[in-house]
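Data block below; observations after.
In what follows, every chain begins at residue 1, and chains take the letters A, B, ... in the order their sequences are listed.
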Amino acid sequence: MSINVLIDVDYNPHDRCIYLYLLNGLIKDRNFKPYFYVDAPIEDIKKYLEKNHKELLYHIEKLETIERAMIDRNLKGRNRIIKKTLTKVVVKYPKDVPKLRVLRELGEIYEHDIPFTKRYLIDNDIIPMIYYRNIEDKEREIVGNEIPELKAVAFDMEVYCEGREPVPDRDPILMVSFYSQGMKKVLSYKPFEHEYLELVENEKELIKRVVKILKDYDLIYTYNGDNFDFPYLVKRAKYLGVNIPLDIRISRGGMHLRSYIPGKIHIDLYPIVRRTLNLSKYKLEDVCYELFGVRKLEVGHRNISKLWKEEDRNLVEYSFQDAYYTYLVGEYFLPLEVMFSRIVNQTPFEVCRMSSSQMVEYLLLRYSYRKNFLAPNRPSEEEYKRRLNEYYEGGYVKEPIRGIHENIVSMDFRSLYPSIIISYNISPDTIDCECCEGESEKIHGHWFCRRRRGLIPEVLYKLIERRKEIKKKLKRIDRNSSHYSLLDYEQRSLKVLANSHYGYLAYPRARWYSKECAEVITYLGRMFIQKTIEEGERYGFKVIYADTDGLYVTMDGIKSKEELLERTYEFLREINKKLPKNMELEFEGYYKRGLFVTKKKYALIDENGKIIIKGLELVRRDWSNIAKKTQREVLKALLEKGNIKMAKDIIINTIEDLRKGRINKEDLIIYTQITKDISQYKTTAPHVEVAKKILRNGGRLKVGDVIGYIITSGSKPISERAELPEDAENYDVNYYIDNQVLPPVIRIMEALGISKEELKSESRQSTLQDFFRI
DNA sequence: GCGGACTGCTTACCT
DNA sequence: ACAGGTAAGCAGTCCGCG
């Protein structure tokens with residue numbers, strides 16, 4: 001009995017076949033060949049190639065006439081499913097597909113841009129990252145849902161750099177650290193005093209040793225290894241003339257690099273962290289603090305060379321910690337990525353580098369293949385630009401009743417958009433179908449097929465049903481068991497994927513793009529939330545606020561929390577009776593008090609004193625810490641104690657501290673992301689000016705980097721006074737008082753009906769009770 | 001020439 | 001490099017005033 005796991009798929013160019021890398025072993029599949037479709041008869045293709053591209057004939061394995069279902073749109077905009085006859089062009093090698101795209105001269109070509117290994121996983125029934133019995137058989141059988149026990153290692157490199165960006169043909173690799181279960185190691189060719197240090201002779205030996213260690217592992221975690229560690233290692237090895245006995249493939253994927261090692265899973269945590277966490281900065285230190293609350297040893301790139309020269313053991317410790325924490329972050333994210341890999345049916349290496357829209361697309365490609373549908377082509381650049389200019393209306397947001405409210409209940413629609421898609425069968429292949437015209441109800445100018453379930457509703461239904469099953473199971477089992485956490489990861493990944501489908505439909509680069517579908521979905525969403533608000537008001541609720549799929553309500557004259565909840569549940573029963581199947585309005589939470597400032601900006605406190613904050617400055621990274629801290633404390637005073645005097649005192653004390661210079665530099669930094677190439681900016685803005693300064697001084701800067709700066713004193717525009725924290729020798733007291741600390745707290749106080757002027761005369765002792773007579 | 005009102009660009013949040 | 005809705009800051013321009 002053999003139990004095994006598929007961890008990677010690669011096309012081996014020497015062997016000219018698919019390699020299925022298993023946890024233990026390798027399967028070669030010589031039978032699967034690359035292919036695509038052409039809308040032209042076999043004979044025409046043959047004639048055309050004979051005449052124009054004789055050399056390409058050799059690359060063709062075979063030509064086959066096949067039928068695929070596709071959507072046919074007539075001049076009146078009605079759609080129907082037709083059986084399209086196409087030629088399947090099967091070629092010898094993956095590289096032949098791009099060459100044979102010349103056949104588009106004869107007719108539309110389809111599915112010509114699906115990478116071969118991905119194609120393999122779409123067409124074949126084998127799931128990565130799951131234990132199989134008899135994996136090599138067609139009758140392979142899944143055994144358990146555990147995360148495969150892979151030999152995992154984290155690695156990190158330190159490189160010499162003198163202020164500027166390190167260059168491979170100048171700056172050497174100094175040390176390389178590893179962490180794995182049972183291995184703590186820092187390689188270097190300088191003798192540091194440290195227990196984990198392994199001394200090697202020189203840099204060449206260091207590189208050889210690194211590769212030798214990496215070869216032993218299935219799973220490699222890095223932090224920015226795609227763009228830095230691996231490319232640098234490879235370039236440096238080349239420069240030094242070291243032969244690396246490991247196939248490290250660096251390729252370009254859009255703006256970024258990818259570092260792939262066949263048969264291994266390289267997980268670069270940096271892109272995952274960027275996608276998943278919302279932080280001010282994304283250094284490993286910041287991630288550690290966010291995830292584990294641990295303050296990791298920080299050195300700063302500019303000091304590495306100094307510590308190296310001084311043979312400071314702290315460099316070894318720092319380097320080791322990089323590997324160690326990379327490993328921990330890796331363990332943290334692995335299960336979720338494994339679940340994505342299984343659901344999307346692509347390798348973990350690929351899935352880790354996919355955006356949610358790409359995952360949706362591969363999921364759809366698989367279903368469409370199974371149903372014998374032809375996948376729509378990706379849009380041309382012109383089509384993409386046309387789509388970019390298409391606008392439509394989104395969710396409904398109700399203007400909140402500003403101020404403090406007590407006894408608040410929130411309710412929301414469980415997965416509003418997915419449930420609308422399923423309930424109304426909204427899909428590019430069901431919209432405005434010929435077969436149901438006049439029969440199927442017209443919604444916002446469109447109707448949807450009643451005879452056949454659409455691709456997207458079908459995929460969503462499967463995802464949601466699977467998630468329901470899991471949630472049912474979760475209720476029955478012990479929260480602390482490993483089984484529980486596995487299922488929890490699975491249901492989380494299912495939720496992410498289900499929620500990405502609506503956005504995908506409106507994404508201009510999507511194959512299954514349909515602005516019309518997206519438009520109907522939001523239309524129905526607006527209808528449901530507005531109807532719910534109306535019904536709620538009719539029922540006796542005061543609707544404080546609503547946004548897209550949820551609402552906050554109170555009820556005047558209510559005596560207790562229990563009474564409110566009772567009324568809420570009764571309301572929910574009534575509403576849910578009227579809603580379509582698959583749709584449900586749910587109780588979300590009870591809050592003893594809440595402060596609503598504007599649309600998208602409010603704060604709530606529950607019975608346990610837990611404070612929830614949405615949209616306010618204090619949850620935004622582009623406000624200084626001092627401004628955020630002050631707002632948080634003011635809010636706390638108001639929500640917990642209802643004490644306005646206390647709030648005023650906090651503000652006055654902060655201003656005093658700012659005037660007296662009693663503020664940490666850290667607390668003055670404002671973080672702003674660079675979202676495009678510096679030359680693309682049309683206006684002068686503080687973060688852009690600082691970015692220009694960094695570039696002028698030979699610094700490295702990428703799109704997506706977050707810049708921190710402090711506003712220094714002077715009378716010129718703010719942009720000209722923004723300095724990097726390390727360069728800032730003073731700060732503009734008045735700017736921090738008038739433009740940072742005060743506006744956020746004033747907005748809160750004004751929501752309570754306290755004017756700026758009143759705030760300034762802080763003498764009167766007062767509480768919220770005075771204002772609202774609670 | 002001055003200062004407030006307004007606009008466009010930009011960011012980061014909410015759902 | 002999934003969507004639209006939203007608040008808000010900064011820089012620059014407009015506009016009325018006199």
Can you tell me which nucleotide in [options] comes closest to the side chain of [X]?
{"X": "A/Pro743", "options": "B/dA12, B/dT15, C/dG9", "result": "C/dG9"}
{"X": "A/Trp623", "options": "C/dA7, C/dG5, C/dG9", "result": "C/dG9"}
{"X": "A/Ser719", "options": "C/dT6, C/dC2, C/dC10", "result": "C/dC10"}

Please give, in whole Å, the distance from [N] [atom2] to [X] [atom1]?
{"X": "A/Glu519", "N": "C/dG5", "atom1": "CD", "atom2": "P", "value": "11 Å"}
{"X": "A/Tyr671", "N": "B/dC13", "atom1": "OH", "atom2": "P", "value": "14 Å"}
{"X": "A/Met359", "N": "C/dC2", "atom1": "CE", "atom2": "C1'", "value": "11 Å"}
{"X": "A/His687", "N": "C/dA11", "atom1": "NE2", "atom2": "C1'", "value": "13 Å"}
{"X": "A/Lys614", "N": "C/dA7", "atom1": "NZ", "atom2": "P", "value": "17 Å"}
{"X": "A/Lys385", "N": "C/dA1", "atom1": "NZ", "atom2": "C1'", "value": "15 Å"}
{"X": "A/Glu588", "N": "B/dT15", "atom1": "CD", "atom2": "C1'", "value": "12 Å"}
{"X": "A/Glu617", "N": "B/dC14", "atom1": "CD", "atom2": "P", "value": "11 Å"}

Any chance the rings of [X] and [Y] have centres within less than 6.0 Å?
{"X": "A/Tyr270", "Y": "A/Tyr223", "result": "yes"}
{"X": "A/Tyr507", "Y": "A/Tyr513", "result": "no"}
{"X": "A/Tyr260", "Y": "A/His266", "result": "no"}
{"X": "A/Tyr552", "Y": "A/Phe596", "result": "yes"}

Axial cation check for A/Tyr545 ring with A/Lys599, 6.0 Å and 45° limits: no
Ignoring backbone atoms, test whether [X] places a side-chain nitrogen or oxygen under 4.0 Å from the OP1 or OP2 oxygen of [N].
{"X": "A/Tyr735", "N": "C/dC10", "answer": "yes"}
{"X": "A/Lys682", "N": "C/dG12", "answer": "no"}
{"X": "A/Thr683", "N": "C/dG12", "answer": "no"}
{"X": "A/Asn739", "N": "C/dC10", "answer": "yes"}
{"X": "A/Lys599", "N": "C/dT6", "answer": "yes"}
{"X": "A/Gln673", "N": "B/dA12", "answer": "yes"}
{"X": "A/Asn278", "N": "B/dC13", "answer": "yes"}
{"X": "A/Lys601", "N": "C/dA8", "answer": "yes"}
{"X": "A/Tyr602", "N": "B/dT15", "answer": "yes"}
{"X": "A/Tyr392", "N": "C/dG5", "answer": "no"}
{"X": "A/Lys676", "N": "B/dT10", "answer": "yes"}
{"X": "A/Ser355", "N": "C/dC2", "answer": "yes"}
{"X": "A/Thr548", "N": "B/dC14", "answer": "no"}
{"X": "A/Thr675", "N": "B/dT11", "answer": "yes"}

Base of B/dT11 paired with side chain of A/Arg621 (donor-acceptor, under 3.5 Å): no
Look at all strands and tell whether [X] reaches a base, only sugar-phosphate, or nothing, counting heavy atoms closer than 4.0 Å.
{"X": "A/Thr522", "answer": "nothing"}
{"X": "A/Gly503", "answer": "base"}
{"X": "A/Val688", "answer": "nothing"}
{"X": "A/Ala518", "answer": "nothing"}
{"X": "A/Phe413", "answer": "nothing"}
{"X": "A/Arg620", "answer": "base"}
{"X": "A/Lys398", "answer": "nothing"}

Lys/Arg N to Asp/Glu carboxylate O, A/Glu350 vs A/Arg258, below 4.0 Å: yes
Charged N-O contact under 4.0 Å between A/Asp113 and A/Arg511: yes
Given DNA chain C, 5'-ward residue of the pair A/Arg747 and A/Tyr417, judged by closest heavy atom: A/Tyr417
P gap between B/dT10 and C/dA1, integer Å: 16 Å
Identified salt bridge (charged side-chain N to carboxylate O under 4.0 Å, His left out) partner of A/Asp547 from the options A/Lys601, A/Lys614, A/Lys600: A/Lys600
